[in-house]
2 protein chains.
Amino acid sequence: MVSGRASRGRRRGSPDTRAQILAVARSRFLADGYAKVTLRSIAAEADVDAALISYFFGSKKGLFGAVLGLLANPPDVLAAALPGDPATLPERVLRAMLGTWDDPERGRQLAFMVRAATQDAELMGLLRDVVGREMIDRIAEQVGGPDARHRAAAAGAQLAGVIFGRYILAVEPLASMTADELIAALAPGMRAVLYRRPRPASRRTM
Amino acid sequence: MVSGRASRGRRRGSPDTRAQILAVARSRFLADGYAKVTLRSIAAEADVDAALISYFFGSKKGLFGAVLGLLANPPDVLAAALPGDPATLPERVLRAMLGTWDDPERGRQLAFMVRAATQDAELMGLLRDVVGREMIDRIAEQVGGPDARHRAAAAGAQLAGVIFGRYILAVEPLASMTADELIAALAPGMRAVLYRRPRPASRRTM
DNA sequence: ACTACATTTCAACCATGATGAATAAATCCG
DNA sequence: CGGATTTATTCATCATGGTTGAAATGTAGT
């Protein structure tokens with residue numbers, strides 16, 4: 001808590017100060033979000049001068065970006081769930097997604113990243129690319145057929161909705177349903193969207 | 001820009017300063033978000049002393065809340081779309097939702113509110129209540145039957161996904177599909193989720 | 001050892017949100 | 001109308017927080 005350091009200049013040995021700042025920042029940002037956390041508090045907890053953060057990361061946003069980089073990782077969970085019997089693809093994908101997000105630590109990180117993305121245009125662009133390329137395009141090439149991308153986009157929207165509703169917004173009953181209940185409720189919809197051929201769109205209601 | 005006012009005390013006449021501050025704040029918040037906008041810049045644009053904002057609204061958050069109150073409005077669009085032939089309910093609901101969000105001004109406001117909600121726990125709670133009560137519960141009582149709430153939640157998740165994917169994240173191809181294409185792609189899924197009886201869940205795949 | 005470079009502390013800056021006192025207009029009440 | 005009270009407004013000032021620049025001190029290269 002109390003740093004009480006006196007001497008100026010470089011410390012002895014090779015203390016990985018940068019990594020330590022990053023670790024503290026990670027835990028503080030995850031716990032309290034971006035705005036509430038002050039650089040000075042991070043510096044204090046890391047037993048380091050606040051100016052060091054600017055030195056290493058340029059700015060508070062820079063530090064935040066570094067933390068995000070620490071967290072960012074490819075969504076290969078989805079990729080692993082795609083191959084297999086097309087008839088049960090929705091179940092596999094949903095189970096994979098729910099499994100990842102329901103893990104407490106992992107889910108906290110992912111939710112945090114989504115929240116962060118809604119606050120910053122640049123991060124939003126990043127997330128957009130990842131979702132578009134790694135999720136929708138992958139699903140599209142798996143299902144194939146006419147309108148593959150449109151179908152995949154619809155399925156992606158369903159996944160996004162579960163994520164937003166259950167993990168970000170935490171709205172009932174989405175938040176408290178079990179994974180099996182969710183899969184039972186959602187899989188038919190995803191199957192319909194992916195594999196049912198749309199009717200010719202003539203004769204629309206209303 | 002330059003206020004240049006000298007005299008202290010109350011102004012002459014009955015200038016509705018409060019409303020003017022609110023108007024400026026609204027446009028600035030909508031344009032640049034919460035964090036980027038400074039009270040002083042709002043005050044300058046409204047040709048008003050910055051302290052007046054604290055006087056009228058208590059704090060920056062208070063001002064923000066007032067702006068949100070200005071924007072907040074019940075989702076009766078959905079309510080109006082619910083009654084009618086159950087077979088085409090998904091089409092009606094989707095069309096109503098897309099119509100509202102595709103309106104530029106209205107869509108900007110709604111997207112803004114969702115973004116705001118992801119930044120503040122209190123606002124998040126508010127949005128959660130609205131979505132839970134005004135959307136999911138309404139849909140549930142409309143479809144009825146066993147598991148009505150679960151089915152409604154699944155449908156709500158699909159709607160939320162479209163909103164998040166198309167209007168917040170703006171991911172392709174969701175963002176550029178026409179309303180008709182989206183309805184064609186999504187309605188079967190929503191119909192399946194609302195009206196298809198789930199299979200008994202025995203004999204699960206994987 | 002000397003020099004170049006990396007790391008660290010300290011002091012200060014400046015912008016921001018907030019507060020309190022002083023002042024002036026508007027309103028109320030006789 | 002005239003004083004008391006309430007409401008609106010300005011100014012000065014504070015505390016906090018991100019950022020910067022200079023100085024100090026270590027480490028590495030030659």
Side-chain angles (χ1 to χ4, degrees), chain A residues 1-26 28-29 31-68 116 119-120 122, chain B residues 1-26 28-29 31-68 116 119-120 122:
Chain A
M1 226 54 77
V2 104
S3 70
R5 152 183 320 289
S7 85
R8 232 154 144 132
R10 188 172 192 152
R11 296 184 180 186
R12 311 208 150 246
S14 50
D16 198 347
T17 310
R18 197 191 131 98
Q20 188 179 348
I21 293 175
L22 214 49
V24 172
R26 189 191 105 105
R28 301 279 285 108
F29 278 146
D32 297 333
Y34 180 79
K36 281 198 225 258
V37 177
T38 76
L39 289 189
R40 283 173 159 96
S41 79
I42 294 179
E45 191 173 331
D47 195 19
V48 147
D49 190 282
L52 264 186
I53 300 182
S54 291
Y55 174 71
F56 280 123
F57 301 97
S59 67
K60 188 182 181 184
K61 285 193 95 116
L63 175 60
F64 191 72
V67 168
L68 281 186
Q119 304 183 17
D120 181 87
E122 197 179 341
Chain B
M1 229 58 72
V2 106
S3 71
R5 150 187 313 288
S7 86
R8 231 156 144 129
R10 188 174 190 148
R11 296 186 181 183
R12 312 215 147 240
S14 49
D16 198 348
T17 311
R18 198 191 130 99
Q20 187 179 348
I21 293 175
L22 214 48
V24 172
R26 190 192 102 104
R28 301 280 284 109
F29 278 145
D32 297 334
Y34 180 79
K36 281 198 224 257
V37 178
T38 77
L39 289 189
R40 282 173 160 95
S41 80
I42 294 179
E45 190 173 331
D47 194 20
V48 146
D49 189 284
L52 265 184
I53 300 182
S54 291
Y55 175 70
F56 280 124
F57 302 97
S59 66
K60 188 182 182 183
K61 284 191 93 115
L63 175 62
F64 191 72
V67 168
L68 281 186
Q119 304 184 18
D120 181 86
E122 198 179 341

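Every chain is numbered from 1 and lettered A, B, ... according to where its sequence line falls, protein lines coming before strand lines.
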**OP:** Provide the closest heavy-atom pair for A:Arg40 versus A:Ala50 in the form atom of the first, atom of the second, distance.
**Re:** CG-CB, 4.2 Å

Original post:
Which part of the nucleic acid does B:Ser54 contact within heavy-atom distance under 4.0 Å: base, sugar-phosphate only, or nothing?
Top reply: base

Subject >> Between P of D:dA8 and CD1 of B:Ile53, the distance in whole Å >> reply: 15 Å

Original post:
Which one, D:dG21, C:dA6, C:dG20, comes nearest to the side chain of A:Tyr55?
Top reply: C:dA6

**OP:** When you get a sec, tell me which of D:dT20, D:dC11, D:dT9 is the closest nucleotide to the side chain of B:Ala51?
**Re:** D:dC11

Subject >> Between P of C:dA18 and CZ of B:Phe64, the distance in whole Å >> reply: 14 Å

**OP:** Identify which nucleotide among D:dT19, C:dC10, D:dT10 has an atom closest to any side-chain atom of A:Asp49, counting heavy atoms from C-beta outward.
**Re:** C:dC10

Original post:
Using a cut-off of 4.0 Å on non-hydrogen atoms, how would the nucleic acid contact of B:Ala50 be classed: base, sugar-phosphate, or nothing?
Top reply: nothing

**OP:** Give, for atom OH of B:Tyr55 and atom CD1 of B:Ile21, the distance between the pair rounded to the nearest 0.5 Å.
**Re:** 11.0 Å

Original post:
Rounded to the Å, how far apart are B:Leu52 CG and D:dT10 C1'?
Top reply: 8 Å

Original post:
What does B:Phe56 touch in the nucleic acid at a heavy-atom separation under 4.0 angstrom: a base, only the sugar-phosphate, or nothing?
Top reply: sugar-phosphate

Original post:
Is the phosphate of D:dT9, meaning OP1 or OP2, less than 4.0 Å from a side-chain N or O of B:Thr17?
Top reply: yes

**OP:** Return the minimal non-hydrogen interatomic distance between B:Arg28 and B:Val37, and the atom names on each side.
**Re:** O-CG2, 3.6 Å

**OP:** Applying side-chain contact (heavy atoms from CB on, under 4.5 Å) between A:Arg26 and each of A:Val67, A:Ile42, A:Leu63, report the one that passes.
**Re:** A:Val67

Original post:
Which whole-number value in Å describes the distance from B:Ile42 CD1 to C:dA18 P?
Top reply: 11 Å

**OP:** Write down the distance between CZ (A:Phe57) and P (D:dT19), rounded to a whole number of angstrom.
**Re:** 13 Å

Subject >> Ring-face cation contact, B:Phe29 with B:Lys36, 6.0 Å cut, 45° max >> reply: no

Subject >> Rounded interatomic separation in angstrom, taking OH from B:Tyr34 and P from C:dT16 >> reply: 14 Å

Original post:
In whole Å, what is the span from the CZ atom of B:Arg40 to the C1' atom of D:dT16?
Top reply: 13 Å

Original post:
How long is the line joining NZ of B:Lys60 and P of D:dT16, in whole Å?
Top reply: 18 Å

Original post:
Any side-chain N or O of A:Thr38 under 4.0 Å from OP1/OP2 of D:dT16?
Top reply: no

